[in-house]
Amino acid sequence: MADPRMTLAPRFVAALRAAFGDEFAETDPAIRRSERADFQADVAMALSKRVGKPPREVALAILAHLDLAGICDKVEIAGPGFINLTLSPDWLAHEVFAVAHDPVLGVRHASVTETVVVDYSAPNIAKEMHVGHVRSTVLGDSLARVLEALGHHVIRQNHVGDWGTPFGMLIEHLLDLGLGELGHEDALAASITDLDAFYKQARTKFDAEPAFAERSRQRVVLLQAGEAQTLALWSRFTQASKRYFGAVYAKLAVTLKDEHIVGESFFNPKLPGIVGELEERGLAETNNGAVCVFPEGFTNKEGARLPLIVRKGDGGYGYAATDLAALQHRTSVLGATRLLYVVGAPQQQHLAMVFAVAKSAGWLQPPARAEHVAFGSILGPDKKMFKTRAGGTVKLAELIDEAVQRAAAAVAEKNPALDEEARAVVARQIGIGAVKYVDLSSDRIKDYVFDWDRMLAFEGNTAPYCQYAHARVRSIFRRANPGDVTASATAHVLLREPAEHALGVELLEFGAVVASVGQTLQPHRLCTYLFNVATKFNSFYDQCSVLKADDEAVRRSRLALANLTGNVLAKGLDLLGIEAPDQM
Ligand code: ARG
């Protein structure tokens with residue numbers, strides 16, 4: 001059962017029914033973790049009004065019927081009417097043993113498993129991936145892993161921006177550089193490794209040379225008409241970009257692969273049909289030649305209705321039409337009932353309008369629903385948008401390299417005995433772990449300030465802190481005598497010391513925390529949890545000898561507790577997309 005609340009709650013419900021009657025059987029006992037005891041039930045406070053008695057009296061009435069024999073050793077009323085619950089060490093030990101022997105460590109499948117589309121990363125071809133895309137990539141990847149662990153069928157969709165008017169000038173620039181012919185793939189890939197520079201060169205030429213601009217415009221027409229040679233050039237170009245994205249994903253160790261790329265271009269042939277359907281249903285209006293839908297409830301400051309433009313005045317289709325086509329594809333072809341969009345907060349209104357239009361068009365009907373998993377910005381030390389010292393956008397690839405370099409320096413200082421090869425591996429795990437963890441550990445909707453020293457610190461709510469606790473566990477096992485290690489795998493768990501008790505209670509929470517991330521889509525809850533596990537483990541390790549415990553049973557129990565801690569930390573970090581080195 002793992003989560004003690006699952007055992008405690010039905011007992012409370014029975015007591016509520018006995019004390020106040022059947023109509024109270026649905027009441028939430030409101031049991032939560034507490035600092036003073038293991039758990040605290042707040043139900044008496046909530047019920048006080050309903051039954052017309054002071055909370056303390058309500059609590060007494062509940063206690064008169066509450067049967068927690070064998071589960072809790074101490075049940076006390078505190079303050080105005082909180083019910084404090086202290087788990088019995090034997091019951092707790094029994095549950096900890098069960099989780100330790102559960103291959104999924106208490107992470108259960110959701111009661112209803114569904115097909116979930118996670119739209120994340122979505123960089124733009126011909127533009128550099130920047131730190132803004134780091135958030136989407138890291139958050140989305142973690143959510144995909146968590147939802148999979150909860151038994152859902154997750155479909156990753158990388159909605160890359162690979163279509164639109166800039167491709168006209170990009171293709172012409174490509175031809176001017178003589179890279180259009182087959183056999184130049186490597187040179188092409190090299191020249192667009194610096195995508196921003198390539199884009200800027202094309203842009204500068206576009207602005208300065210009318211002939212080039214004209215060629216570019218004609219190229220757009222050819223592209224949109226699907227002219228074969230133009231499409232071939234375009235695709236050579238996007239292939240090179242995908243290679244670059246793939247390299248970044250590999251570096252970041254995210255689960256996003258080439259096959260998840262379903263870019264804007266994929267939906268291009270479907271756009272006339274989408275607009276046609278909106279027109280047929282009478283949802284579209286023509287406004288200055290543009291086809292618009294005005295979803296209900298969206299107005300500007302002056303109260304004027306806001307349009308979602310599905311076809312522009314020049315006949316071209318834009319971002320909104322593509323998003324509608326993608327949404328329809330996700331519900332009808334992919335069969336998803338939960339659609340997640342891991343996209344920055346500035347696109348809130350765009351997505352809300354897309355969802356509203358999709359609902360009225362019948363493409364998004366219950367049980368299917370869409371959620372914008374919005375996130376804030378990464379800020380520099382000056383609390384403004386994160387920029388390089390020269391004022392440019394920070395490139396993702398460079399950021400990752402710097403993280404790994406800095407981690408290597410930290411590891412060299414912390415563990416000089418580590419050989420060079422091992423150090424390089426650990427530095428990568430710590431550096432990338434730190435970049436991901438800092439992004440995941442604060443409430444995603446908030447902006448955060450990028451701070452190398454804080455994110456790479458071995459103290460505090462950081463990746464290295466959690467990774468270090470895990471490495472500590474593994475190091476205990478390297479030093480333990482083999483007989484104890486073997487015996488610990490089946491050893492009885494004994495929780496006599498307060499630090500053991502506290503760690504045991506924490507370890508039982510893993511499944512509930514993962515489930516809550518699946519619901520709220522807030523990975524920071526998992527970070528906070530892992531930080532707590534690491535902290536409780538460190539107190540346990542300070543206060544209780546493991547290898548030096550005289551009593552064999554105690555020694556083996558402590559090894560078992562340490563091992564479970566290590567497993568929970570490793571699995572939890574894995575759900576965040578972070579590796580857990582065995583030594584660091
Ligand atoms: N390519 C877009 C950008 O870089 C993000 C796309 C997000 N996904 C979507 N379905 N609109 O801003």
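Small disclaimer: the values here were computed from a predicted structure and weren't measured. We're numbering straight along the sequence, starting at 1. Order of appearance sets the numbers: ligands from 1, and atoms from 1 within every ligand.
- Taking the six-membered ring where the residue is Trp, Phe458 and Tyr468 present perpendicular rings, their angle passing 60° and hence far from 30°.
- Under 4.0 Å from ligand 1, not a single heavy atom of Val160 appears.
- Counting heavy atoms under 4.0 Å from ligand 1, residue Leu351 does not touch it at all.
- A side-chain hydrogen bond (donor to acceptor under 3.5 Å, both in side chains) with Asp119 is found for one member of Arg330, His372, Gln157 and no other, namely Arg330.
- Note on ring orientation: taking the six-membered ring where Trp is involved, the planes of Phe355 and Tyr341 are tilted (angle from 30° to 60°).
- At the top of the distance list for atom 12 (O) of ligand 1, counting protein heavy atoms only, stands Gln347 NE2, 3.2 Å.
- Taking any N or O of Asp323, backbone or side chain, at least one lies under 3.5 Å from an N or O belonging to ligand 1.
- The heavy-atom pair separating Leu105 from Phe510 by the smallest distance is O-CD2, 3.6 Å.
- Minimum interatomic distance between Leu364 and Lys359 (heavy atoms only, all atoms of both residues): O-CG, 3.5 Å.
- A distance of 7.5 Å separates CZ in Arg444 from CG in Leu143, rounded to the nearest 0.5 Å.
- Polar contact check, Arg330 against ligand 1: no nitrogen or oxygen pair lies under 3.5 Å apart.
- Inclusion of His350 in the set of residues having an N or O under 3.5 Å from an N or O of ligand 1 is not warranted.
- Remark: ligand 1 and Ala122 share an N or O pair separated by less than 3.5 Å (distance only, no angle test).
- Note: Phe450 and Trp452 have perpendicular aromatic rings, judged against thresholds of 30 and 60 degrees for the angle between ring planes.
- Using a 4.0 Å heavy-atom cutoff, His133 is listed among the residues neighbouring ligand 1.
- Remark: ligand 1 atoms within the under-4.0 Å shell around heavy atoms of Tyr319 are 2 (C), 5 (C), 6 (C), 7 (C), 9 (C), 11 (N).
- An N or O contact shorter than 3.5 Å is missing between Tyr341 and ligand 1 by distance.
- Atoms of ligand 1 found under 4.0 Å from any heavy atom of Val343 (numbered from 1 in listed order, with element): 7 (C), 8 (N).
- One N or O on the side chain of Lys436 and one on the backbone of Leu252 form a donor-acceptor pair closer than 3.5 Å.
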